[in-house]
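Quick notes on the structure that follows.
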Amino acid sequence: MRQALLNIGFGNFVAAARVTAIVNPASSPMRRLREEARNDRRLVDATQGRKTRSIIITDSNHVILSGIQAETLSARFAVEEDDHAG
């Protein structure tokens, strides 16, 4: 059985089945979430030094920063789901 991977940009992938949310990082609660994850050592920075454009939250409560827009990741996630549904 092949596990679906979601391309989160710049050669980085995450297991699509583990993603619980893809959110915009601009709000204050998301900034707090990022800081809490950094303090708890649950933060994965996959931006490759670029600006954070989305935050991915996994079922293991890890927080992943991506340099790709949340809308783009959502579209990629939907395509990945369609590919594995049929």
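Between the T52 side chain and the L65 main chain, no donor and acceptor come within less than 3.5 Å of each other. D40 places no side-chain N or O within 3.5 Å of a backbone atom of A37 that could act as its donor or acceptor partner. A side-chain donor-acceptor contact under 3.5 Å links R76 to the backbone of N7.
Interatomic distance, R42 CZ to S60 OG, rounded to the nearest 0.5 Å: 9.0 Å. We find the CZ-CD1 distance between F13 and I8 to be 9.0 Å, quoted to the nearest 0.5 Å.
Nearest heavy-atom pair across G9 and I68 is CA-CG1, 3.7 Å. Of all heavy-atom pairs spanning A15 and Q3, the tightest one is CB-NE2, 2.9 Å. Between L6 and V19, the closest heavy-atom pair is CD2-CG2, 4.4 Å. Heavy-atom minimum distance, M30 versus N24: CG-O, 3.3 Å.
Using a 4.5 Å heavy-atom cutoff, the side chains of T47 and S66 are not in contact. A heavy-atom distance below 4.5 Å is not found between the side chains of L5 and V14. Within the 4.5 Å cutoff, no side-chain heavy atoms of T20 are placed close to those of T58. Counting heavy atoms from C-beta outward, P25 and R34 have side chains that approach closer than 4.5 Å. For the pair I55 and V63, the minimum side-chain heavy-atom distance is below 4.5 Å. Side chains of I57 and L33 form a contact here, defined as non-hydrogen atoms less than 4.5 Å apart.
Cluster membership check: V44 shares its hydrophobic cluster with I56, using side-chain heavy-atom separations under 4.5 Å among Ile, Leu, Val, Met, Phe, Trp and Tyr.
A salt bridge between R38 and E35 is present, with a side-chain N of the basic residue lying under 4.0 Å from a carboxylate O of the acidic one.
In this structure R50 satisfies the salt bridge (charged side-chain N to carboxylate O under 4.0 Å, His left out) test with no other residue, sequence neighbours excluded.
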